[in-house]
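Contents: one structure, followed by commentary.
Chain letters run A, B, ... following the sequence lines, proteins first, then strands; residues in each count from 1. What you see is a predicted model; the values in this text were computed from it and never measured.
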Number of protein chains: 2
Amino acid sequence: MANIKEIARIAGVSVTTVSRVLNNHPYVSKDKRTAVLQTIEQLNYTRNMNAVHLITGRTGAVAVILPYINSFYFSVVMDGLAQAALAAQYRLILCQTNYVPEEELKVLDMLRNKEIDGVIIVSTALKPEVIESFTIYGPVVTCQNSGERQFSSVYIEHYAAFRHGLEYLYGKGHRRIGYCEGRQNGSSASIRQNAFQDFLAEKGLLFDPEWMIFDCMREEDGAEVARRLLDNPDRSGRPEAMMISGDHIAAGLIIEARKHGLKIPEDLAVMGFDNQPIGRLLGITTIDNQLYQMGEAAFGIIHEQINGSSLPVTRKLDYRIIERSTV
Amino acid sequence: MANIKEIARIAGVSVTTVSRVLNNHPYVSKDKRTAVLQTIEQLNYTRNMNAVHLITGRTGAVAVILPYINSFYFSVVMDGLAQAALAAQYRLILCQTNYVPEEELKVLDMLRNKEIDGVIIVSTALKPEVIESFTIYGPVVTCQNSGERQFSSVYIEHYAAFRHGLEYLYGKGHRRIGYCEGRQNGSSASIRQNAFQDFLAEKGLLFDPEWMIFDCMREEDGAEVARRLLDNPDRSGRPEAMMISGDHIAAGLIIEARKHGLKIPEDLAVMGFDNQPIGRLLGITTIDNQLYQMGEAAFGIIHEQINGSSLPVTRKLDYRIIERSTV
DNA sequence: TTGTAAGCGTTATCAT
DNA sequence: ATGATAACGCTTACAA
């Protein structure tokens, strides 16, 4: 494969001149420029980017850490990231880590290795202090509140958003409230759990551990919850309302509940989370949490940080309740 | 930042020895090895991978071309790819191209540039001959039948699968059959369209262009189709059955149709495609097309090709009809 | 405007 | 078992 030296030789110029042409630098005469371009064309030459990366210390690539791509939440964030990266001519390395800390550390090591210019952490099993310890090697942006830690983040206030949703249910007269969540130990999941428990405590509402259900990942899990709740024939032994993390779970619950003749919201009110298309279809009242914008913003921040500004940035995104017909 | 030379100097050995330790080569005495490892630890050293990439001509990265990640189809394929890549210690560069040919060409150019070791094309706007022209730079695998073209592919037979589904509807006695599709010009979409039209022609069934509906991307589009069909008050002016590409579209159609009092499948039979969780939830009869396996297989092939075997490979995946309750 | 030459940080080759 | 030294292919002072 041809290299810059060969181009220089054949075009009858120096390698510097070829490099200048390659990088659109000024101070190249028209003659030489066309000579170089012609030779490049003739030999079907392209730069070996690894050499460029080595000498410049940059790669134009950013790694994205997330547990699994095949979920509404993460694929929307990824969409936002990808569109922003495309516009900025950056490459995104998708690192699906299944929340395995060793794999996540390998990705952060790529920053030390100079394989990438920055890391975006959408969701992680790593502790903030571990993440912070890698910021000396390059910019890191997380999609969870970094608190006092010295790295950038863009986030939605899950605590406030969730409480807001619960207030909404409360305002509609509901007092016996249940709660569905995905992984119990997800970092935003535990924030939501706190919001839920704090809310019940403050309002003096009944807290029934049976009504707090974890590991709801798929539509079918929501249906399972409906069946479990309906096992109790006594209506007053069931919640009047459910706060559900993930509209697809809410959809599963609603569809199964209706199969059993329950009226939504009369017999059971349902509040979703994430504002997914399926929620719109079923008329689920939900909380929009700007996932696409989160991806866009995260990339925007890392892009700024790569190009100089080294102070950690924190960006808080809005959420809003979308009133439909299930509450 | 420390480099290999400095490690060598401080550990009192040559750079070659350090390199040997780094790469777990034999023929290094225990003493020197520990000396090197200690110095590495002390100076918190890691290799600059760009130098490694330059000299070895490999990067351990593979690019993935797809139009948008935020869809069931692509995120499941991506999941399969990502799990396989993780297991093989490879990096995946996610190139969301929106079907813009220029962007897709840029990705293929990364192969010329030596930035990546291979390209996996899940779906593209590029013509097969264009893709073929890049195979001289490195392995390329597509998720569409490559036909006679000289590059590898792993695919499901959309034509056969779709016809099989249509036969199934026919077998259940349905004669007036409609069809919903995503982008009209997607490569597998046009194969499915051919299957549909060929089937109607061969069976001598009525072909009503009004019953062939494109651009159904989201759940809500399915609902819109239901409303459009119901506009016709004359039952015999409506299809008896719909073949629908994408269970989420089928879900939208079914939910909306039921709202209007239609019984599924009595008043309208619905056959889905993709075997999505929402289809399971709603009991949609559908066709499973092994998307996760497709991703896994695509990575497996590119991995083989990168490590030697240069003959194009073609792998055909099975599909199967999942009988539920909407037909 | 152009060219020479010194890096960038590795691995590979070939001695010893 | 170990080490000099030559690549790898580019950018960038610095000189002219």
### Task
Decide, yes or no, whether a salt bridge links K106(A) with D109(A) under the criterion of side-chain N to carboxylate O below 4.0 Å.
no

### Summary
H53(A) NE2 to dT10(C) P, in whole Å, measures 17 Å

### Query
Does Y45(B) place a side-chain N or O at less than 4.0 Å from the phosphate oxygens OP1/OP2 of dT10(C)?
yes

## Note on the structure
Whole-Å distance, N48(A) CG to dG9(D) P, equals 6 Å

### Task
Hey, could you give me the SG/CE distance between C95(B) and M110(B), rounded to the nearest 0.5 Å?
5.5 Å

### Query
Are any of S14(B)'s side-chain N or O atoms less than 4.0 Å away from OP1 or OP2 of dG3(D)?
yes

### Message
At 4.0 Å (heavy atoms only), tell me whether N50(B) reaches a base, stays on the sugar-phosphate, or touches nothing.
### Response
nothing

### Message
So S29(A), base contact, sugar-phosphate only, or nothing? Heavy-atom distance under 4.0 Å.
### Response
sugar-phosphate

### Task
Could you check how far CZ of R9(B) sits from P of dT2(D), rounded to whole Å?
20 Å

### Spacing between I40(B) atom CD1 and dT10(C) atom P, to the nearest angstrom
10 Å

### Query
Taking only side-chain nitrogens and oxygens of R47(A), does any of them come within less than 4.0 Å of OP1 or OP2 of dT11(D)?
yes

### Closest listed nucleotide, where the reference is the side chain of K32(A) and the choices are dT11(D), dT10(C), dT2(C)
dT2(C)

### Query
Do you see a donor-acceptor pair shorter than 3.5 Å between the side chains of Q83(A) and N98(B)?
yes

### Query
NA contact type, T17(A), heavy-atom cut-off 4.0 Å: base, sugar-phosphate, or nothing?
sugar-phosphate

### Message
What is the separation between atom CD on E6(B) and atom P on dT10(C), rounded to the nearest whole Å?
### Response
11 Å

### Task
Please determine if a side-chain N or O atom of N3(B) lies less than 4.0 Å away from the OP1 or OP2 oxygen of dG9(C).
yes

### Task
Provide, to the nearest angstrom, the distance between the CD1 atom belonging to I55(A) and the P atom belonging to dC10(D).
11 Å

### Query
Is there a donor in the side chain of S146(B) and an acceptor in the side chain of Y155(B), or the other way round, less than 3.5 Å apart?
no

### Query
Whole Å only: how far is the CG atom of L54(A) from the C1' atom of dG9(C)?
6 Å

### Query
What nucleic acid atoms does K5(B) come within less than 4.0 Å of, heavy atoms only: base, sugar-phosphate, or nothing?
nothing

### Summary
On a heavy-atom basis, the closest approach of P128(B) and F151(B) is O-CE2, 3.5 Å

### Task
Would you mind classifying the nucleic acid contact of R20(B) as base, sugar-phosphate or nothing, using non-hydrogen atoms under 4.0 angstrom?
base

### Message
On DNA chain D, compare the nucleotides closest to V13(B) and V15(A); which residue's is nearer the 5' end?
### Response
V13(B)

### Task
Quickly work out the H25(A) NE2 to dA13(D) C1' distance and round it to whole Å.
13 Å

#### Entry: S19(B) (side chain) and dA12(C) (base): donor-acceptor pair under 3.5 Å
no

